[in-house]
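Every chain is numbered from 1, with letters handed out A, B, ... down the list of sequences.
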Amino acid sequence: MIVESPAKARKIASYLGSNFVVESSRGHIRDLPSGAADVPAKYKGQPWARLGVDVDNDFEPLYLVTPDKKATVTELKDALKEVDELYLATDGDREGEAIAWHLMETLKPKVPVRRMVFHEITESAIQSAAANPRELDRDLVDAQETRRILDRLYGYEVSPVLWKKVMPKLSAGRVQSVATRIVVERERERIKFVPAEYWDISATMDAGPDAEPRRFGARLVSVDGAKLATGRDFGPDGRLKNDDVRLLNEAEARRLATGLTDARLSVSSVEEKPYTRKPYAPFMTSTLQQEASRKLRFSADRTMRTAQRLYENGYITYMRTDSTTLSETAITAARNQARDLYGDEYLSPQPRQYNRKVKNAQEAHEAIRPAGESFRTPGQVAAELDTDGYKLYELIWQRTIASQMADAKGTTLSVRITGTSADGEECTFAASGRTITFAGFLKAYVEAVDSEAGGVADDAESRLPRLAQYQAVTAPELSPDGHSTNPPPRYTEASLVKALEELGIGRPSTYASIISTVQDRGYVWKKGSALVPSWVAFAVVGLMEKHFGRLVDYDFTAALEDELDRIAEGRQQRTKWLSGFYFGGEVGPDDSIGRAGGLKKLVGSSVEEIDAREVNSIPMFTDDDGRTVYVRVGRYGPYLERPLSDSESQRANLPDDLPPDELDIQIAEKLFATPMEGRSLGTDPETGHEVLAKEGRFGPYVTEVLPEGSKGKPRTGSLLKSMSLDTVTIDDALKLLALPRVVGTDPESGTEITAQNGRFGPYLKRGSDSRSLDTEEQIFTVTLEEALKLYAQPKQRGRRAAAAPLRELGDDPDSGKPLVIKDGRFGPYVTDGETNASLRKGDSVEELTIDRAVELIAERRAKAPAKKKTASKSKSTASKSTSSKTTASKSSSSKSSSSNGSKTTKSGTTRKRTTSSSKQS
DNA sequence: CAGTGAGCGAGCTTCCGCTTGACTT
C-alpha cells in the first residue's frame, strides 16, 4: 500500500498487520521541469522547453521525477518486487488522484493495482476502504493536470512581462498575484480614507442605593428623536452616508452635557433577550493558523512547523485539511473527556458534526484534533512536548473538546434612558448588558477576537442592574466624548489567509508559503504583524489589473474550479479548455479569457503596448502649485518625483520603512527638501565644502556639497575597491575628489595624460586614447615614463594576458580541437576555440566530462544564428518605444526607464560591474 | 538617484500543490 505521508504509513501499518507493506510517496513524485535547464537533451531545442508543456500538441506535459524524489521512487520500485498486489491509497482529492496516476506511470507495476480511499485513519475506515477498491479516475487526474498546466502557463508567461516592464526576478501567479492585490487594495483604501470626527456623551448612571450594581455606563444615542451619528454612519470619504442622523460637534456635545447636568432622567424602555452561542467548529488549517496567530502570536509558518512535529509524533491528526468533520471515534473521545472534566450538564445533548463548507474544499482529511481513540490531556503530554508544541496541542485539544459541549446561554439587556436638557432637547441614552447564565462550551474554549477590528469576546459580560420602565435614575457623570473613524485595518497573516480561503484561493498546504512568497518577492513586508504592500507591489498590481484584469479577478479561481469540476465530471475536455485559455476562442461558460484572444496573444501584445514608465509611476497627490507628485519604482528602489519644467524634475529618496498610506504631501515636501542623505566626512580645507560619502547608482562614492546658488557640478569620485562606505576617511575622499591626476604631458602630441578611475577600473587617458592600469594604486603613483611605455604598446583587446584555463579536457573526438574550461564574465564556460558554451546549472568545473562538453558546444552552435536576431530585435523595440513615448518629456532619465530596451542595457552594465569586482576578489 | 573609456562567449529569473528529510550550526 502506498500513501502520501510516512507518518500515516506507520499508523496504517499498525492496523493492517504483516500481510501488508505500507510505504509512502512523500507527496508528488513527478512534476513539470522547473525550467529549460532541466529538460532532457531530447527536448532541449523545442520551442516549448521553457514551459515544459507542448502547447501545440494537445498541451502534452513533460513530467520528470522530481530530483529529491529519485530515492523514494527507487525504494518504491524495490518494494514492489516483493509484493503480489498494489493498493494506491493516496488522498481522495484531485491531487491525491494525480499522485496515484503518477505512481502508476512511474512504477509500471506488473502486479494487480487497486485504488482505495479513506478519509480518516481508523482501523475500521481502512479495513472498509481496502475491501471496497475502485478504479483510478482519469477524469479527476485530467482536472489536476489542467490545474497544473494552467498555473504553469499563467506563471511562466506573465512573470517575464514583469521582468521586462518592472524588475527582473518578479513573479506572477494565480494565487500570489491575487494575494498581493488584496493587500494593495486595502492600502489604497487606507490612502483614500478620510477620517471623520463625531462626538457623543458618555455617562455614568446611578440607579439608587438598592440597585446592584448601582452604577453603570450609558451613551447618548439620540437627540430630539434623531439618531446620533456614529462611526458606521460615515463613508470612507469622511462624509455621512445619509442625512437622517444628527452629527454632534464638540461644542454641541459640551453644551448638551452641561444642559443635562441636573435634568430628570428616567428609564424609557427595557428589552431583554435570551443569548445563545454555539461552539465553534473544530480546527482546519486556516482556522488553526488564525487562532494560533491571535492567541499565541504564531506566524502561519511557525504554526505549521509546530503542527507537523505534533503530527509526526502522533499527537494530532493531519494538519493540512479543509474539513471540520470529526470521525465517530473522535466525537466519542471528545464527549467522554468533556463529561469527565465538566460533567453531563456541560455536554451537548447530541453529538455535533460540523459541515461548514469551505469554498472549493476537497475534504480528503478529518478536522485537526488530538490523535487517538481517547485524547490525552495537555497535562498528560506536557512533559513530552516543547513549549510551542504544548501550546498548540492545548489549543487544538480545547477546541475539539469544546466542539462537543453545550451551547452557552444568557441574556442580553438593552435599556434606554431619556431626559430633557436645559435647552429643551430630548436626549436618549442607551446601555446594554450581557449576562451569561450558563457558560457551556465557553468554559473550555473562547475564540480570540481581532483587537483591531474592535470585536467583543463571546464570554465578555457587562452587567446592568434590574431596571423598570419609568424608573428614575441620575447621571452623576456626563462627559463629552470625541471619536474619529478609522481606516480599514491592514491584513495580518491570519486575516489574509482567511480572505484567501473565503475566495477559494490556495490550499491548506500552501497558505503559509503564499505568505512567504509575497514577502520573498518584495511585494509585502511586515510591520509588526501587519502586512504592508511595497511600491513594487503597487506597480505590479496596477499592471496586472490594467492588462491582465481577468487573471487577478477575485473570482478567477472560483471560475476555474467550476471548469475543473466539469472536467472531473467528464463534461469538459481538458485540451479544449486549455486551448481556449491559451490560444483564445470558445472555452465554455467562463470564456472571458477566450474573448480576449487567449493568454498567449495577451502576453505578446502586452510586451509591445505596456509603457514601463507609466506602470512604474504611481500618482499620489497634487502639491500646492498643482503639480502631480509621483512615486516611481526605479531599479534602485522607490523615489518621489514631480515635474518642475518640461525637461527637469525634482526627486527624493523614499525611506524603505515608510508604509504607503503614511506618505502625504507634508512628508513628501520634507523629503524633497532633504538632500539625498549621505555620511558627512568633514570639510575640504581648500574649498570649505562639506564632503559626503554616499551610495549611488554605480556603487559607493564621495561627493562635495556646493554652497547654495553656486554654479557648476559638485566633484565626485567612486570609492576604490579597498575602501568601504563605513570606513572611508576625509583624506581618502580628498584624494578621490582631486582626480583625474595629471601624469604629465606627452612630448610628442603635447596632450595631457591623466590617470583616473572609471567604469572598468583604473585607466590612463590621452585625448580620446585610453589604456587600462593594473591597480588602483597606480592612479596615484604612475609616472609619465611608465605611462608613455603603456601608450607605446597597442591597446589590449579582450582578456588581458589570456587567463589560464580552469581545466583542460582534452581534444574533441570529432574535430580534434582542444576543449578547455575557462572562467568568464558569466561564469565558467567550455570552448573549442570557436564556440563558447556556458556550463549549465547541474554542471561543475571539476566533474564536466568531455562528452558533456561536446554536447554543450553542439547545442550552443545550433543556436548561434539566433543570436544576431535577438540582439537586433531588442534594439529596434527599444528605439521604437523610446521615440514614440518621450516626445513630451526630454529628460534623459525618462528615456532610460521608458522602454524595455534601455532597461536591458542598463542591467547589463550593472552585472558587468558585479562580475568584474567578484573576479578581483 | 554621480557620469566615465573597452570589448565581448549568455542564460536565468518565474508558477501551484503534494510531501519530508538531509544538511549545518
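Among the atoms of the strands shown, base atoms are found under 4.0 Å from some heavy atom of A/Ser159. Among the protein residues, A/Leu170 comes within range of the sugar-phosphate backbone only, with heavy atoms under 4.0 Å from sugar or phosphate atoms but none that close to a base. Here A/Ala172 lies in heavy-atom contact (under 4.0 Å) with sugar-phosphate atoms only. Base contact: A/Pro160 has a heavy atom under 4.0 Å from a base atom. Nucleic acid contact for A/Lys765: sugar-phosphate only, since backbone atoms but no base atoms lie under 4.0 Å from a heavy atom of the residue. Residue A/Asp68 is out of contact with every strand shown, counting any heavy-atom pair closer than 4.0 Å. The residue A/Gly506 sits close only to the backbone: its heavy atoms come under 4.0 Å of sugar-phosphate atoms, none of a base. Nucleic acid contact class of A/Thr703 (heavy atoms, under 4.0 Å, all strands): none. Among the protein residues, A/Gly173 comes within range of the sugar-phosphate backbone only, with heavy atoms under 4.0 Å from sugar or phosphate atoms but none that close to a base. Among the protein residues, A/Tyr763 comes within range of the nucleic acid bases, having at least one heavy atom under 4.0 Å from a base atom. The residue A/Arg152 sits close to a base: some heavy atom pair falls under 4.0 Å. Backbone-only engagement by A/Gln308 is indicated by non-hydrogen atom pairs under 4.0 Å involving sugar-phosphate atoms exclusively. Using a 4.0 Å heavy-atom criterion, one finds that A/Tyr511 contacts no nucleic acid atom at all.
Each of A/Leu764 and A/Tyr154 has a nearest nucleotide on DNA chain B; the 5'-most of these lies closest to A/Leu764.
Considering only side-chain atoms of A/Met319, the nucleotide from B/dG3, B/dC18, B/dT20 that sits closest is B/dT20. Out of B/dT14, B/dC1, B/dC16, the shortest distance to the side chain of A/Val175 is found at B/dC16. Across B/dA2, B/dG5, B/dC16, the shortest atom-to-atom separation from the side chain of A/Ser772 is found for B/dG5. The side chain of A/Arg651 sits closest to B/dC1 out of B/dC1, B/dT14, B/dC12. With distances taken from any side-chain atom of A/Pro6 to the nucleotides B/dA2, B/dC18, B/dG21, the minimum falls on B/dG21. Side chain of A/Arg507, nearest nucleotide from B/dT14, B/dC18, B/dG5: B/dC18. The A/Tyr156 side chain lies nearest to B/dC15 when the options are B/dA2, B/dC15, B/dC1. For A/Glu95, the side-chain atoms get nearest to B/dC18 when compared with the rest of B/dC18, B/dT13, B/dG21.
Contact check, A/Arg521 against B/dC15: a side-chain N or O comes under 4.0 Å of OP1 or OP2. Within the structure, a side-chain polar atom (N or O) of A/Gln176 is placed less than 4.0 Å from OP1 or OP2 of B/dC15. Here A/Arg50 does not reach the OP1 or OP2 of B/dG11: none of its side-chain N or O atoms lies under 4.0 Å away. Distances shown here put every side-chain N or O of A/Ser770 at or beyond 4.0 Å from the OP1 or OP2 atom of B/dA6. Between A/Thr510 and B/dC16 there is no side-chain N or O to OP1 or OP2 distance below 4.0 Å. Taking only side-chain nitrogens and oxygens, A/Arg320 comes nearer than 4.0 Å to OP1 or OP2 of B/dT20. Put simply, A/Ser34 has no side-chain N or O that comes within less than 4.0 Å of OP1 or OP2 on B/dT14. Regarding contacts with the backbone of B/dC18, every side-chain N or O of A/Arg26 stays at 4.0 angstrom or more from both OP1 and OP2.
If you take OH of A/Tyr582 and P of B/dC15, they are 17 Å apart, rounded to a whole angstrom. One atom, CG of A/Asp93, and another, P of B/dC18, lie 6 Å apart when rounded to the nearest Å. The CG-C1' distance, from A/Leu560 to B/dC15, rounds to 13 Å in whole Å. One atom, CD of A/Gln756, and another, C1' of B/dA2, lie 15 Å apart when rounded to the nearest Å. Across the protein-nucleic acid pair, A/Met167 atom CE and B/dT14 atom C1' stand 16 Å apart, rounded to whole Å. When the C1' atom of B/dG3 is taken as reference, atom CG of A/Leu737 falls 14 Å away, rounded to whole Å. Between the CZ atom of A/Arg771 and the C1' atom of B/dT4 there is a distance of 17 Å, given to the nearest Å. With rounding to whole Å, A/Glu145 atom CD is found 18 Å from B/dC16 atom P.
Salt bridge annotation for A/Arg320-A/Glu4: absent, with no cationic side-chain nitrogen under 4.0 angstrom from a carboxylate oxygen. Looking at A/Asp769 and A/Arg766, a side-chain N of the basic residue comes within less than 4.0 Å of a carboxylate O on the acidic one, giving a salt bridge. Taking a cutoff of 4.0 Å between a charged side-chain nitrogen and a carboxylate oxygen, A/Asp31 and A/Lys69 do not qualify as a salt bridge. A salt bridge does not link A/Glu145 to A/Arg152: none of the charged side-chain nitrogens sits closer than 4.0 Å to a carboxylate oxygen. Between A/Glu95 and A/Arg147, at least one side-chain nitrogen of the basic residue sits less than 4.0 Å from a carboxylate oxygen of the acidic one, meeting the salt-bridge criterion.
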For a side-chain hydrogen bond (donor to acceptor under 3.5 Å, both in side chains) check, start with the C-alpha distance between A/Ser286 and A/Glu501, then their side-chain angles and the critical distance, and finish with the verdict.
CA-CA 7 Å; A/Ser286 57; A/Glu501 186 196 42; 2.4 Å; yes
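The backbone N or O of A/Leu692 lies less than 3.5 Å from no partner atom in the side chain of A/Glu704, so there is not a single donor-acceptor pair. The closest donor-acceptor contact from the side chain of A/Thr72 to the backbone of A/Ser25 lies at 3.5 Å or more, if one exists at all.
The base of B/dA2 sits within donor-acceptor range of the side chain of A/Ser718, with an N or O pair under 3.5 Å. With hydrogens and angles ignored, a donor-acceptor pair under 3.5 angstrom links the side chain of A/Arg147 to the base of B/dC16.
The aromatic ring of A/Trp163 does not sit over the base of B/dT14, since the test of centres under 5.5 Å and planes under 30° is not met.
Shown here for A/Gln778 and A/Arg741, the closest heavy-atom pair between the two residues is O-NH2, 4.0 Å.
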